[in-house]
There are 2 protein chains.
Amino acid sequence: MTANEQGAGETAIQGPRKPKTARGKKTRAKILRAAEECFGTLGYHQAGITDITRYAGVALGSFYSYFSGKEDAMRELVREMGYNLRAHLAQNVAGATDRVDAEVRGLRAFLEYIRDHPWMYRILQEVQFVDEAVYREYYDTFSEHYARLLSEATQAGELRPGNNQVRNWALMGMGHFLGMRFALWEQDVPMDEIIKTMDDLLRHGLARSDQ
Amino acid sequence: MTANEQGAGETAIQGPRKPKTARGKKTRAKILRAAEECFGTLGYHQAGITDITRYAGVALGSFYSYFSGKEDAMRELVREMGYNLRAHLAQNVAGATDRVDAEVRGLRAFLEYIRDHPWMYRILQEVQFVDEAVYREYYDTFSEHYARLLSEATQAGELRPGNNQVRNWALMGMGHFLGMRFALWEQDVPMDEIIKTMDDLLRHGLARSDQ
DNA sequence: AACCTATATGAATAATGATTCATGTTTCAT
DNA sequence: ATGAAACATGAATCATTATTCATATAGGTT
């Protein structure tokens, strides 16, 4: 019986509802986009509901028509972002010649995505301190998809035998930090250079004499 | 002219001061340890100054005797943690036979450190949203040390040629995520398994046929 | 037109918690 | 012993803000 339920015979005077008309959908969307902007630029705690509704061009109370509170909007944003990013990656990885190629294409797509959605990064990281379960959910979902791909590649003999779960998280960490440093903080190293370096690392490792 | 200055002829009625006696040092330390505990378990925003001083066993006002505010204590903690961690790693990496061996020893030491200091992780991550400059400073400092080591190893012919700055951040990211997932969230994969996997990855890459 | 539901509004509420400061206590050099 | 500096105290201040709710408007159906 969450605050979000919408059973037919609901007695609650008011509460967050799913929009039922086009007007409602539009308003909810405006608020969500405004929340993204505000959380992204001001941060979760700094951003007030008034900031969000002012930016959205709606009244304060309208926020609570569609979200049960500030946390709720944050959660929704993270889920939405996870969905969008996964779709973007799947699209860009299609057509890879082998698993490492897929990794590298995925990395490039990821870096480009961060560059084009700089707020996503901040919101995703900050949700860790707002609702940790959602943060874990995000990465666990990601990890599940990933693990399947790696295990298929191993079965196909493309990868060296090894613990793919560990590799999985190592690869996510690489992407995360490369995105933070080279897409978000400073774009001082050309994308191709990053990709080339990582391609070499994933194909041959770091060590020179390889035996 | 920061609030923290302690010039001789200071006219400010009161303000944060460096402790000048043994008693003062002890109190300041008690408060800092309490802040670590509170920020770590409750989170920065949830933790109140009253929580910190209650836990430390001192009066509310004493907090402001040694710190200019909540943020100041957070900053101090992060700097302290960075210093301690770097010392711990340097100690554990000494005696490595080659650069990859050093990487792997460093990773093990890092994972052990996180396991033994579970709060460090949360505090470091959360400072990103409290004072981003301190967060960057932490990683930039880390990165500087790291870059020197990698470039020396390259000069010595131990590493394949490549962009060490990119590798640098990729390696930090790996460590970060492996620590989060396998030391903090769930300790369901034995340390040796993690180390073996990463040793293989760094020595040979992911791809099976290596040409 | 009458009516019902969904949607929109924003002033008022209510709780919180960081910071200040006037006052009291301890320490220690002389 | 004594005075001054360092240290400790916690009630009071002050500002901030998430959330509620009574009321008003819009859209569409009969």
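FYI, side chains are in, hydrogens and waters are out, and symmetry mates aren't considered; it's all heavy atoms of this structure. To find a chain, count down the sequence lines: A is the first, B the second, and so on, and within it residues start at 1.
To the nearest angstrom, P of D:dT17 lies 12 Å from CD1 of A:Ile52. Computed from coordinates, the A:Lys20 NZ to D:dG28 P distance equals 16 Å when rounded to whole Å. For B:Leu42 and C:dT16, the CG to C1' distance is 15 Å, given to the nearest whole Å. The distance from atom CZ of A:Arg23 to atom C1' of D:dG27 is 7 Å, rounded to the nearest whole Å. Between B:Tyr44 atom OH and C:dT16 atom P there is a gap of 19 Å when expressed in whole angstrom units. Per the geometry, CZ belonging to B:Arg54 stands 15 Å off P belonging to D:dT9, to the nearest Å. Rounded to whole Å, atom P of D:dG27 lies 11 Å from atom NZ of A:Lys26. Taking atom NZ of A:Lys25 as the reference point, atom P of C:dA6 lies 13 Å away to the nearest angstrom.
The pair B:Arg122-B:Glu36 does not meet the salt-bridge criterion, since no charged nitrogen lies less than 4.0 angstrom from a carboxylate oxygen.
For C:dT7, the OP1/OP2 oxygens have a side-chain nitrogen or oxygen of A:Thr21 closer than 4.0 Å. The shortest distance between the side-chain N/O atoms of A:Thr27 and the OP1/OP2 oxygens of C:dA8 is below 4.0 Å. Distances shorter than 4.0 Å separate some side-chain N or O of A:Arg17 from OP1 or OP2 on C:dT7. Side-chain nitrogen and oxygen atoms of B:Tyr64 include none within less than 4.0 Å of the OP1 or OP2 phosphate oxygen of D:dT9.
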- Test ring-ring contact (aromatic ring centres under 6.0 Å, His included) on A:Tyr121 and A:His176 and set out the steps. CA-CA 9 Å; A:Tyr121 187 90; A:His176 179 82; 5.0 Å; yes
- Task: Would you sort out whether A:Asn168 and A:Ser143 count as a side-chain hydrogen bond (donor to acceptor under 3.5 Å, both in side chains), showing the intermediate values?
- Result: CA-CA 7 Å; A:Asn168 192 349; A:Ser143 172; 3.0 Å; yes
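Annotation: B:Tyr135, atom OH; neighbour count of heavy atoms from other residues, nucleotides and ligands within 6.0 Å is above 12. Crowding of B:Glu152 atom CD: a count of heavy atoms from other residues, nucleotides or ligands under 6.0 Å exceeding 12.
Looking at the side chain of B:Tyr66, the nearest of the listed nucleotides D:dA8, C:dT19, C:dT7 is D:dA8.
Remark: A:Arg181 fails to qualify as a cation-pi partner of B:Tyr139 under the 6.0 Å distance and 45° angle criteria applied to the six-membered ring.
Nearer to the 5' terminus of DNA chain C, by closest-nucleotide assignment, is the contact made by B:Phe63 (compared with the other of B:Phe63 and B:Ala22).
Remark: side-chain polar atoms of A:Thr27 are paired, donor with acceptor, to backbone N or O of A:Arg23 under 3.5 angstrom.
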Under-3.5 Å N/O pairs linking protein and nucleotides 10-14 of chain C:
{"residue": "C:dG10", "atom": "N7", "partner": "A:Gly61", "partner atom": "N", "Å": "3.0"}

